[in-house]
2 protein chains.
Amino acid sequence: MARWQPDAPGRLAAAALDLFEEHGYENTTVIEIAERAGLTKSTFFRYFPDKREVLFDKGTLTGVLVEGITSAPPAAGPLDAVADALDELGRTFFTADRREFSGRRQAVLNANSELREREALKRLDLTASMIEALGRRGVPSLTARVAAELGTLVWEIAYDRWIDTDNSEGFGPLARQALAEVRGAAGVVG
Amino acid sequence: MARWQPDAPGRLAAAALDLFEEHGYENTTVIEIAERAGLTKSTFFRYFPDKREVLFDKGTLTGVLVEGITSAPPAAGPLDAVADALDELGRTFFTADRREFSGRRQAVLNANSELREREALKRLDLTASMIEALGRRGVPSLTARVAAELGTLVWEIAYDRWIDTDNSEGFGPLARQALAEVRGAAGVVG
DNA sequence: CCAGTGATGGGACTTGGTCTCATCGACCCT
DNA sequence: AGGGTCGATGAGACCAAGTCCCATCACTGG
């Protein structure tokens, strides 16, 4: 045994998503996931720090977003920098071929509180990364915090719509639209 | 045995905080917590759904905040309603005598990622509650979402300052100040 | 042909969390 | 006083997550 398997983490993630859809997250055992992927519990925990993490990408999303904010034109305001980053995200991450997978994944997340908790943490980390990236652009601390909070909200709204919609609008335009709406609302809250 | 103990959950929470400070969260066992409180593992899980929850109040904070938003003058804008709620929170919850405890608790939370994750979830739930309360005031959905996001940020900033400061300013004034700053920043983000 | 390396398997072990049942004390009713 | 109910607790079996350590196999290079 101990044969090598191509793309072990990918196989584990795929197996996990399948099983979570079939039997639910809590009724699925790490051992079952590993078995379906042709691996063992040991290997599972070698690639993922815990059971929940099998459904979350290793910070690639955050990386793209930070990169996008950093490389936005220097003259752009904080929210415009975020908008640029969201466009970039739509081009490199939330592509059309990943939409179905994202939808399946999100349905599983929504169905389990333990997973929603992990999602909440990721959301917080995402906001923190945006704050840091905006800070490197010279945006004052508190402004960065507000912009990152609103930016995260825009991301969230656009992501939900991107998954739900039957129309084939890409993530980028949806984000632009959401940003405009949030901007409008921010001007009205007082 | 099976003797009755006054305020079992309170004793468990106090014992837990002590032990977490002494040995750290992960190096403390639920059995140890229960023992220090003169109880058992069974009783611990009868009062708390899991180990983390022993450091989180049962939604009283959210309750006060929602109540405050709901009972704000009908003419008040969304953020003003939130400001009223934060004042109420300062009067009934974040009182001077609870400051030391809150500081100890927060230090423990900050030291452990599992606890920070739970905190992230609570933050999300808090925002959701604010959105709902604002919705009942007739605030349009997206405006409510933005206001709740900013309100949560204000709460967070004020809470941090309330814990850190040596000065004896109450939570209410700190929240007012934070709100003004966030308002200013929101007007600048573009 | 042999040694080293990297990915995997196996199994023991701790702990969080669930469940079921027994026990004890307080209170009530006659 | 005596018996019965009820609420809170204790006790212990049990399962799964997560950690650790070591064995094993395939591949690679000399």
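Here is how names work: the chains are called A, B, and so on, in the same order as the sequence lines, proteins then strands, and each is numbered from 1.
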Starting from [atom2] on [N], measure out to [atom1] on [X] and report it in whole angstrom.
X: B:Phe44; N: D:dA11; atom1: CZ; atom2: C1'; result: 18 Å
X: B:Leu12; N: C:dG17; atom1: CG; atom2: P; result: 14 Å
X: A:Glu114; N: C:dG16; atom1: CD; atom2: C1'; result: 11 Å
X: A:Arg52; N: C:dG16; atom1: CZ; atom2: C1'; result: 11 Å
X: B:Glu26; N: D:dG18; atom1: CD; atom2: P; result: 13 Å
X: A:Leu19; N: D:dA17; atom1: CG; atom2: P; result: 12 Å
X: B:Asp50; N: C:dT15; atom1: CG; atom2: C1'; result: 14 Å
X: A:Lys41; N: C:dG9; atom1: NZ; atom2: C1'; result: 12 Å

At under 4.0 Å, does any side-chain N or O of [X] touch on OP1 or OP2 of [N]?
X: A:Tyr47; N: C:dT8; result: yes
X: A:Arg11; N: C:dT8; result: no
X: B:Thr43; N: D:dG10; result: yes

Among [options], the nucleotide that comes nearest once only the side chain of [X] is considered:
X: A:Val30; options: C:dG17, C:dG9, D:dA17; result: D:dA17
X: A:Ala8; options: D:dT9, C:dT8, C:dG16; result: C:dT8
X: B:Phe45; options: C:dC19, C:dG17, D:dT9; result: C:dG17

Ignoring hydrogens and angles, tell me if any N or O in the side chain of A:Ser71 forms a donor-acceptor pair with the backbone of A:Glu67 under 3.5 Å.
yes
So, the side chain of B:Arg36 versus the backbone of B:Ala16: is there a donor-acceptor pair under 3.5 Å, distance only?
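Not at all, since once roles are kept as given, no pair shorter than 3.5 Å links the two residues.
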5′-ward residue of the pair A:Arg46/A:Tyr25 relative to DNA chain D:
A:Tyr25
Under the criterion side chain to side chain contact (heavy atoms under 4.5 Å, CB included), which of B:Arg123, B:Glu53, B:Lys51 is the partner of B:Arg118?
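Among B:Arg123, B:Glu53, B:Lys51, the one that satisfies the side chain to side chain contact (heavy atoms under 4.5 Å, CB included) with B:Arg118 is B:Glu53.
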Should the side chain of A:Thr40 and the base of C:dG10 be counted as holding a donor-acceptor pair, with the cut-off at 3.5 Å?
no
Check: A:Arg161 and A:Phe171 side chains under 4.5 Å, non-hydrogen atoms
no
Can a side-chain donor-acceptor contact be found between A:Ser129 and A:Thr62 if the only test is distance below 3.5 angstrom?
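There is no such pair between these side chains.
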For B:Thr29, answer base if it contacts any base atom (sugar-phosphate contacts may also be present), sugar-phosphate if it contacts only those atoms, and nothing otherwise; contact means non-hydrogen atoms under 4.0 Å.
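Result for B:Thr29 = sugar-phosphate.
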